[in-house]
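Below: one structure, written as structure tokens.
Quick note: residue numbers are just sequence positions, from 1.
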Amino acid sequence: TPEKTLENINARNRNCEASIPLEYLKGLHDLYRELTVEMEARGSRVLEIDWNEFRTVDEVLERLTAFREKIHFYPPIVPK
């Protein structure tokens with residue numbers, strides 16, 4: 001969510017990010033939502049991952065593998 005993103009930005013305490021307003025992040029969020037809807041309408045498969053909570057690499061790979069196997073498009077992802 002834009003609110004969680006702003007919370008993460010504030011926690012990093014980077015000068016270059018300090019002036020990013022919540023309204024800007026909300027606008028980005030809305031545009032990405034519109035983009036994913038449009039991509040799906042055109043036949044693309046979109047996997048959304050909730051980044052409001054930390055995800056390990058293994059968790060993300062598990063989600064990606066399950067998604068890829070579900071659409072029968074690519075072979076399973078095998079971590080190195």
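Side-chain contact between I9 and L25: present, with at least one pair of heavy atoms (C-beta onward) separated by less than 4.5 Å. Looking at heavy atoms from C-beta onward, E48 lies in side-chain contact with T36 at the 4.5 angstrom threshold.
In terms of the salt bridge (Lys or Arg N to Asp or Glu O under 4.0 Å) criterion, R63 has no residue partners (sequence neighbours excluded). The salt bridge (Lys or Arg N to Asp or Glu O under 4.0 Å) check on E7 picks up K4, with sequence neighbours excluded.
More than 12 non-hydrogen atoms from other residues, nucleotides or ligands lie less than 6.0 angstrom from CZ of R12. Remark: E59 CD is packed, more than 12 non-hydrogen atoms of other residues, nucleotides or ligands lying under 6.0 Å away. For R55, the CZ atom is densely surrounded, since the number of other residues' heavy atoms within 6.0 Å is greater than 12.
Atom CG of N52 is separated from atom CG of N8 by 8.5 Å, given to the nearest 0.5 angstrom. The CG atom of N15 lies 10.0 Å from the CD atom of E17; values are rounded to the nearest 0.5 Å.
Residues P2 and H29 come closest through the heavy atom pair CG-CB, 3.6 Å. Across L6 and I20, no two heavy atoms sit closer than the pair CD1-O, 3.6 Å.
The hydrophobic clustering, which links ILVMFWY residues whose side-chain heavy atoms are closer than 4.5 Å, places L28 and L35 apart. Under the 4.5 Å side-chain contact rule for hydrophobic residues, Y32 and V37 do not share a cluster.
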Test log, rule side chain to side chain contact (heavy atoms under 4.5 Å, CB included), inputs K26 and E3: CA-CA 8 Å; K26 286 180 178 180; E3 293 79 12; 3.4 Å; yes
Side chain to side chain contact (heavy atoms under 4.5 Å, CB included) assessment of I49 paired with F67: CA-CA 11 Å; I49 297 177; F67 182 73; over 6 Å; no
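In this structure a side-chain-to-backbone donor-acceptor pair under 3.5 Å is present from T65 to L61.
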